[in-house]
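The structure appears right after this line, and notes come after that.
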Amino acid sequence: MSNMEKQLFNLKIATKELQRNSKKCDKEEKAEKAKVKQAIQKGNMEAAKIHAENAIRQKHQSLNFLRTSARVDAVASRVQTAVTMNQVSKSMSGVVKSMDATLKSMNLEKISALMDKFENQFETLDVQTAQMEDTMGNTTTLTTPQNEVDTLLHEMADEAGLDLHLELPAGHTSSMASSVASTEQDELSQRLSRLRDQVS
């Protein structure tokens, strides 16, 4: 296993560790919320306020871990591409020297700075990598189209029976709803025709 492959493995481990830390913060947030409720019931508003601040802090920390995890995961995908195509430059290899300690520290600022260095290296990769990414449907790029994110959020909210107030582009919601409706209608028609065939 080359040094770069070893570091790729470390990046994947760090992604999971960051996700675990995010979940720990989620649990802490729930515990603090329960304490807020108890304090309010006892009429102790000062304690309730302190627990509320702790809950908010844990919520933000959980999101920070989650964001960093997604960023490390995206970088790992780019490193995988570079390793596969034998495009690991000397400067990129140089970035990994302090990587072990940085990832193990779980210090979000240090990890973020390390990801900056990696991303700068990716900008210098040649056209071949870009062409490969196009072929793979841009699955390894570091950005996500916002409209796809918004659409997915709305779909999940619809499934949960919730109403999301996100700013979608004009006409986006109606066209999305009508396409979903027409798809459902098509599926229903196909089921009915199959049933008719079985009966006859």
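Between atom OG1 of residue Thr81 and atom CZ of residue Arg78 there is a gap of 7.0 Å, rounded to the nearest 0.5 Å. To the nearest 0.5 angstrom, Ser62 atom OG is 11.0 Å from Gln19 atom CD. Rounding to the nearest 0.5 Å places CD of Gln61 at 11.5 Å from CD of Glu28. Rounded to the nearest 0.5 Å, atoms NZ (Lys37) and NZ (Lys35) are 15.5 Å apart. Here the straight-line distance linking atom OG1 of Thr68 with atom CG of Leu114 works out to 11.5 Å at 0.5 Å rounding. Atoms CZ and NE2, from Arg67 and His60 in turn, are 9.0 Å apart once rounded to the nearest 0.5 Å.
Scanning all heavy atoms of the two residues, the minimum distance from Leu66 to Ser22 falls at CD1-OG, 3.8 Å. When all heavy atoms of Leu103 and Ala14 are compared, the closest pair comes out as CD2-CB, 3.8 Å. For the residue pair Ile111 and Met106, the shortest heavy atom distance occurs at CD1-CA, 4.0 Å.
Legend: residues meeting side-chain hydrogen bond (donor to acceptor under 3.5 Å, both in side chains) with Glu29, ordered by chain and number and at least two apart, are Lys33. In terms of the side-chain hydrogen bond (donor to acceptor under 3.5 Å, both in side chains) criterion, residue partners of Lys12 (sequence neighbours excluded) are, by chain and number, Gln80. With sequence neighbours excluded, the residues satisfying salt bridge (Lys or Arg N to Asp or Glu O under 4.0 Å) with Glu17 are Arg20.
Through ILVMFWY side-chain contacts below 4.5 Å, Ile50 is grouped with nothing and stands alone. Cluster partners of Leu63 are absent, since no Ile, Leu, Val, Met, Phe, Trp or Tyr has side-chain heavy atoms less than 4.5 Å from it.
Evaluation of the side-chain hydrogen bond (donor to acceptor under 3.5 Å, both in side chains) test over residues 104-114, restricted to residues two or more places apart or in two chains, returns Arg71-Ser112.
Linking ILVMFWY residues whenever their side-chain heavy atoms come closer than 4.5 Å, directly or via other members, leaves Ile56 and Val36 in distinct clusters.
Considering only heavy atoms from C-beta on, Met115 stays 4.5 Å or farther from Thr102 through its side chain.
Counting only N and O atoms by type, the side chains of Thr15 and Ser69 include no donor and acceptor under 3.5 Å apart.
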